[in-house]
J.: 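Got a structure for you, written out below as structure tokens; questions coming shortly.
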Amino acid sequence: MANNYDFKESEKKWSKYWEEEGIYDFDGQSDKETYSIDTPPPTVSGAMHLGHAFSYSHEDFVARYQRMKQKNVFYPFGTDDNGLPTERLIEKLKNVRSTEVDRTEFVKLCQDTVAGIRPNFIQDWKNIGMSCDFNKSYSTIDNHCIRTSQLLFMDLHKKGLAYQKSAPTMWCVKCQTAIAQAELEDEELNSTFNDIIFKVGTENLIIATTRPELIPACVCIYVHPDDFRYKQIVGKKAKIPLFHYEVPIFADESVEKEKGSGAMMICSYGDKYDVEAITKRSLEPRVVIEKNGVLNHFAAKYKGMNIKDARRAILDDLEKEKLLVNKKPIQHVVNVHDKCGTEIEFLSSKQWFVKILENKKKLIKSADKIKWHPEFMKTRYVNWVEALEWDWCISRQRAYGVPFPIWYCKKCGKEMLADIKQLPVFPLENEPTKKCSCGSDKFIAEQDVMDTWATSSLSPQIVCNFIEDEEYNINFGKTYPMSLRPQAHDIIRTWAFYTIARGLYHHNKEPWSNIMISGHVLDPKGKKMSKSKGNVVEPQKVIQTYGADALRFWAANASLGKDLSYKEEDIKTALRTITKLWNASNFAFLHLTDFKNKKMELELIDKGILSKFNDIIKECTDAFDNYEYSKSKMLTEIFFWSQLCDNYLEITKDRLYNPDKRGVESRKSAQYVLYQLLLGVTKLFAPIMPYISEEIYQTHFVKSEKEKSIHISKWPKYDKKLKDEIAEKTWDKFVEILSFVRQEKAKNKLSLTAEVKLIITEEDNLLLSECLQDLKAVCKAKDIDVGEKMKVEF
RNA sequence: GAGCCUAUGGCGUAGUCUGGUGGCGCAAUUCGUUUACACCGAAUAGGUCCCCGGUUCAAAUCCGGGUGGGCUCACCA
């Protein structure tokens, strides 16, 4: 016996078994308590990365625990595969630009490509042992999702929470679309701070700027009202260099005197500040940058140049005309688009928004009605909401996404929403079902699509089947609000926030009762993993080499919200535990062939360890109830190694091997406890390491236990009746003496099998009177005598 | 500039809420290879628990103030 555990074979075998037997299928008819999980739909891309493996493991620990607690676990799986991220993926894979090909063709290319890569992509999640019900999987661009998303957009519209507005908004000139505040990222860039001469009459007015290309967009000059340098020019006009037109000079409290020259140009639009200033003073904007990042007629001779070229050309000309008095290199942080790293611009355009700002208070209050694990992550959410300055822009000027279910009347311009029966609707291809109230039946379709968050923020409504799709077969009332949202912390401001908003807006209810937030994976030195640094570890390779259980065991080292360094050593340690568990159970079952699982009177020392293990069960259960899987794993691990393997297995060997000498009853007692402990430990490990635990369960336990998989078996239960203080005291003393003997042998460089004479105290002798034979055997003691103090003689 | 998190043997971490001799893993050293396991066992050494102050009989733990690291947001003239 003692075949090595072959994780590759085992993982393949049990994955297949679970799928065939429908172990993780959600039973919509069951009256067991439902535990529903709002699994993050990963963005379809090349492959699962280690960060995914990490955080998805965490949620799967919880899912498996809840399932063993006999809850009816609703655990669907989806992929996010529309919108800009998908377009960018397809552009890269197929070497096309969405703006340069026909829209219909491009959409088809996206659909086909994604459909092709999705199965392999999902396979990675199956390979790490996710216990999702993969029958209940969705794609954020499938008809069910489009219908849900469109229906709920119409709901927002009806409630006045979605509105369209022409205004300067954040814009990416590379992706050529509006973006939302949450999609901004900081990037530190090198730039130059240029001191440029404007003229006020014949006087020079120095203005410092990092963006000379916006000089033709300048609509006024701001100075501080208390700034003595500029008091006399307020109310006058300044002449714009190179472009030869004049703008007014205003005094405004918001100006920082110490910054730059203390005088600033207000342009349409350099940043949020400009937007506010121009709105406040009702100035006529001169928007110089077009949607594609090219300068227009306002830029006169620089028309047609892109931002960077124009910047260079304008600086050159300023220099030639001696209007550039100083150039200072600086490093400053700018907002860039998170998808492509391009600096964002502010352009005026018509966009769809979801109202957020007027509901900030409510949205913050919602956070208190959800249990955050860990608690401090709530603060991040609250900080973000408090700091929000824009409503949520959900329209994107892109091709691949959920279309807005709306047309505009050609004659009167009025909005015409789709009929619910029409959904999913594609306004570019479909027509409204009725005429406009003005009598016209000519319409212009909305061209824009929704941002992908506008749909993924509805993941609870999607999976719980709010729209009541028949083929989906889920009862919304039974599954919503959901029990748990698992996710990583980087998307609190997007996914968590938007989902809470949608829950509130559509159902006046928080979408889940718990949210668990995972940390990030770092490289062995504690640095972020990134392709450019070359420190990326691929989970596929880890699984290949060490198995999914080992990877999960490693992932369980980090408690929620904590970052974890990847160290190969730690994965190896995991593998050791797996092997140990396998060997220990094989050894135990060598001696359990004649075992009958029947309650019986136990030896004192057996009662002792059983009582101790009972406490471990309680602690693990409490830990898991609080989403502290790492604590449960640690407790189980320590008990398994140092109590069960190092001590109990050694102690019972004499009884197991020599029933003729020690008596059948003492062997039976050991058998009983061995069985309970091993089954218990295997179950406690099961959520963390689903494969090895299933392998052990199927190999040894399935004959005597009822359930067809450990993963639907009952989580061990704390049993008050097992608590036995005296037995525990006996066990502790026994182990203490055993350690002492081992220590003495090590000091004297003797083998652990060396025979000794053991002397123990009268008191200990009394306490251990029932287990002296065990003590004698495991210490390899010829005799045990009573003396003044504990001693070992050779 | 603001908020949050964090600081524990060489490395990684538990313990902090609820004050009472700081535990575990890796690495190191020594010994042992015993009838599950060398993917092993036993033992040893190694810690002013970031600093300063306070509360207390007692502080890694509570309080105040610093310092270092990380994350997030803001700063964009």
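Lettering follows sequence order; numbering is per chain, from 1. Computed from a prediction, not measured in an experiment: that's the story for all the values here.
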J.: On the ring face of A:Y648, is A:K612 found with NZ or CZ under 6.0 Å from the centre and within 45° of the axis?
T.: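 Judged by the rule, A:K612 and A:Y648 form no cation-pi pair.
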J.: Pick the P atom in B:G12 and in B:A7, then give their distance to the nearest Å.
T.: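 Nearest-Å result for B:G12 against B:A7 at atom P: 12 Å.
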J.: May I have the distance from A:K562 (atom NZ) to B:G70 (atom C1'), rounded to whole angstrom?
T.: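 In whole Å, B:G70 C1' and A:K562 NZ are 12 Å from each other.
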J.: Rounding to the closest angstrom, what is the interatomic distance between B:C17 and B:A60 at atom C1'?
T.: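 My reading of the C1' atoms in B:C17 and B:A60 gives 14 Å.
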J.: Give the nucleotide from the list B:A42, B:C26, B:C24 with an atom nearest to the side chain of A:L752.
T.: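 So the side chain of A:L752 is nearest to B:A42.
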J.: If the C1' atom of B:G47 is compared with that of B:C4, how far apart are they to the nearest Å?
T.: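 The answer is 29 Å between these two C1' atoms.
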J.: Nearest-Å distance, CD (A:E569) to P (B:U13)?
T.: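 Atom-to-atom, A:E569 to B:U13, this comes out as 15 Å.
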J.: Among B:C76, B:C73, B:A36, find the nucleotide with the atom closest to the side chain of A:K653.
T.: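 Among the listed nucleotides, the one closest to the side chain of A:K653 is B:A36.
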J.: Going by atom types alone, do A:H700 and A:N586 pair a side-chain donor with an acceptor below 3.5 Å?
T.: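 Indeed, the side chains of A:H700 and A:N586 share at least one donor-acceptor pair under 3.5 Å.
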J.: Check whether any side-chain N or O of A:Y657 sits under 4.0 Å from OP1 or OP2 of B:A36, and answer yes or no.
T.: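 So the side chain of A:Y657 is within the cut-off, an N or O lying under 4.0 Å from OP1 or OP2 of B:A36.
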J.: Rounded to whole Å, please give me the gap between NZ in A:K580 and P in B:G25.
T.: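 Rounded to whole Å, this separation is 12 Å.
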J.: Can you tell me, in whole Å, how much space there is between the P of B:C49 and that of B:C62?
T.: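 After rounding to an integer number of Å, I get 15 Å for this pair.
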J.: Cation-pi between A:R493 and A:Y381: NZ/CZ under 6.0 Å from ring centre and within 45° of the ring axis?
T.: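 No, cation not above the ring by the 6.0 Å, 45° rule.
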J.: Contact class for A:W641 vs. all strands (heavy atom < 4.0 Å): base, sugar-phosphate, or nothing?
T.: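 It contacts sugar-phosphate atoms only.
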J.: Nearest to the side chain of A:D271, heavy atoms from C-beta on, is which of B:G3, B:A36, B:C76?
T.: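 The listed nucleotide nearest to A:D271's side chain is B:C76.
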J.: Does the side chain of A:Q743 get closer than 4.0 angstrom to OP1 or OP2 of B:U44 through an N or O atom?
T.: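 True: A:Q743 side-chain N/O within range (under 4.0 Å) of B:U44 OP1/OP2.
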J.: Base, sugar-phosphate, or nothing: which does A:F376 touch, judged by heavy atoms less than 4.0 Å apart?
T.: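 Sugar-phosphate contact only - A:F376 comes under 4.0 Å of backbone atoms but never of a base.
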J.: Just say parallel, tilted or perpendicular for the rings of A:F734 and A:W731, cut-offs at 30° and 60°.
T.: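 Judged by the thresholds at 30° and 60°, the geometry between A:F734 and A:W731 is parallel.
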J.: May I ask you to establish whether A:K580 and A:F640 are in a cation-pi arrangement, using a distance under 6.0 Å from NZ or CZ to the six-membered ring centre and at most 45° from the ring axis?
T.: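 No, a cation-pi geometry is absent between A:K580 and A:F640.
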J.: Can you figure out which of B:C37, B:C73, B:C76 approaches the side chain of A:H332 most closely?
T.: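 For A:H332, the side-chain atoms sit closest to B:C76.
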J.: Scan A:E637 against the nucleic acid and name what it touches under 4.0 Å (heavy atoms): base, sugar-phosphate only, or nothing.
T.: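 Result for A:E637 = nothing.
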J.: Sticking with atom C1', work out how far B:G65 lies from B:G22, rounded to a whole angstrom.
T.: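 These two C1' atoms come out 26 Å apart once rounded.
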J.: I'd like the P distance from B:G19 over to B:C39, given in whole Å.
T.: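 After rounding to an integer number of Å, I get 46 Å for this pair.
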J.: Nearest to the A:S559 side chain among B:A14, B:A36, B:C24, which nucleotide is it?
T.: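 Nearest listed nucleotide: B:A14.
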J.: Between B:A27 and B:C40, how far apart are the two P atoms, rounded to whole Å?
T.: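 Each nucleotide's P atom is 9 Å from the other's.
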J.: With a 4.0 Å cut-off on heavy atoms, is A:F193 in touch with a base, just the backbone sugar-phosphate, or nothing at all?
T.: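 It contacts sugar-phosphate atoms only.
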J.: Taking the side chain of A:S739 as its heavy atoms from C-beta onward, which of B:A43, B:A74, B:A36 lies nearest to it?
T.: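 Minimum distance to the A:S739 side chain belongs to B:A43.
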J.: Given side chains that start at C-beta, do those of A:W582 and A:I696 come closer than 4.5 Å, heavy atoms only?
T.: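 Sidechains of A:I696 and A:W582: in contact.
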J.: For A:K749, answer base if it contacts any base atom (sugar-phosphate contacts may also be present), sugar-phosphate if it contacts only those atoms, and nothing otherwise; contact means non-hydrogen atoms under 4.0 Å.
T.: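 Sugar-phosphate: the residue A:K749, judged by heavy atoms under 4.0 Å, touches backbone atoms but no base.
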J.: What orientation do A:F624 and A:Y629 show, parallel under 30°, tilted 30 to 60°, or perpendicular over 60°?
T.: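 Tilted, since the angle between the ring planes falls between 30° and 60°.
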J.: How is A:K272 classified with respect to the nucleic acid when contacts are heavy atoms under 4.0 Å: base, sugar-phosphate, or nothing?
T.: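 The answer is sugar-phosphate, as A:K272 gets under 4.0 Å only of primed atoms, P, OP1 or OP2.
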J.: Using heavy atoms to find the nearest nucleotide of RNA chain B for A:A746 and A:S585 separately, return the residue whose nucleotide is more 5′.
T.: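 Checking each residue's closest nucleotide, the 5'-ward one belongs to A:S585.
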J.: Checking all strands, does A:T579 fall into the base, sugar-phosphate, or nothing category for heavy-atom contacts under 4.0 angstrom?
T.: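 Contact class for A:T579: base.
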J.: Contact class for A:L649 (heavy atom, under 4.0 Å): base, sugar-phosphate, or nothing?
T.: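 Answer is base: heavy atoms of A:L649 come under 4.0 Å of a base.
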J.: For A:E389 and B:A74, give me the distance from atom CD to atom C1', rounded to whole Å.
T.: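 These atoms are roughly 9 Å apart.
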J.: Please check the phosphate of B:G15 (OP1 and OP2 only) for any side-chain N or O of A:K631 closer than 4.0 Å.
T.: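 Negative; the distance criterion is not met.
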J.: Heavy-atom nearest nucleotide on RNA chain B for A:A182 versus A:T192: which residue maps closer to 5'?
T.: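 Counting from the 5' end, the first nearest nucleotide belongs to A:A182.
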J.: Please report, rounded to the nearest Å, how far the P atom of B:C5 is from the CG atom of A:N383.
T.: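 Rounding to the nearest Å, CG of A:N383 and P of B:C5 are 10 Å apart.
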J.: Can you tell me which nucleotide in B:U34, B:A36, B:C73 comes closest to the side chain of A:C645?
T.: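 Within the option list, the nearest is B:A36.
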J.: What's A:D646 touching, base or sugar-phosphate or nothing? Going by heavy atoms closer than 4.0 Å.
T.: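 Counting heavy atoms under 4.0 Å across all strands, the contact made by A:D646 is with sugar-phosphate only.
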J.: Between P on B:A36 and CD1 on A:I696, what's the gap in Å once rounded to a whole number?
T.: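 My rounded result for the distance is 17 Å.
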J.: Are the charged groups of A:R667 and A:D594 less than 4.0 angstrom apart, N to O?
T.: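 So A:R667 pairs with A:D594 through a salt bridge.
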J.: Identify the nucleotide, in any strand shown, that forms a Watson-Crick or G-U wobble pair with B:C26, with both distances under 3.5 Å; if there is none, say none.
T.: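 Its partner is B:G10.
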J.: For the side chain of A:T573, counting heavy atoms from C-beta on, which of B:C76, B:C26, B:C39 is nearest?
T.: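 From the listed options, B:C26 comes nearest.
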J.: Partner of B:C57 by Watson-Crick or G-U wobble geometry, both contacts under 3.5 Å, or none?
T.: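 Because both required distances fall under 3.5 Å, B:C57 counts as paired with B:G20.
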J.: Describe the nucleic acid contact of A:K567 in one word from base, sugar-phosphate, nothing, applying a heavy-atom distance below 4.0 Å.
T.: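 The residue A:K567 makes sugar-phosphate contact but no base contact.
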J.: Grab the CG-C1' distance between A:D186 and B:A2 for me, whole Å please.
T.: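 Distance check: A:D186 CG to B:A2 C1' gives 14 Å.
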J.: Using a strict cut-off of less than 4.0 Å between a Lys/Arg side-chain nitrogen and an Asp/Glu carboxylate oxygen, indicate whether A:K272 and A:E276 qualify as a salt bridge.
T.: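 Result for this pair is no, no salt bridge flagged.
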J.: Would you classify A:E343 as touching base, sugar-phosphate or nothing, given that sugar-phosphate means primed atoms plus P, OP1 and OP2, and contacts are heavy atoms under 4.0 Å?
T.: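 Nothing, no heavy atom under 4.0 Å.
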J.: Return the nucleotide paired to B:C73: Watson-Crick means purine N1 to pyrimidine N3 with N6-O4 or O6-N4, wobble means G-U with N1-O2 and O6-N3, both under 3.5 Å.
T.: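 WC or wobble partner is B:G1.
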J.: With P as the reference atom in both, quote the distance from B:U6 to B:G46 in angstrom, rounded to an integer.
T.: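 One P to the other, the span is 31 Å.
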J.: What nucleotide among B:C75, B:A43, B:A14 has an atom nearest to a side-chain atom of A:R742?
T.: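 So the nucleotide nearest the side chain must be B:A43.
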J.: Name the closest nucleotide to the A:R380 side chain, picking from B:C75, B:C71, B:A43.
T.: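 The answer is B:C71.
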J.: According to the Watson-Crick and G-U wobble definitions, with both distances under 3.5 Å, which nucleotide is paired to B:C31?
T.: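 B:C31 is paired with B:G41.
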J.: Measure CD/A:E568 against P/B:C39 and give the value in whole Å, please.
T.: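 Roughly 16 Å, once rounded to whole Å.
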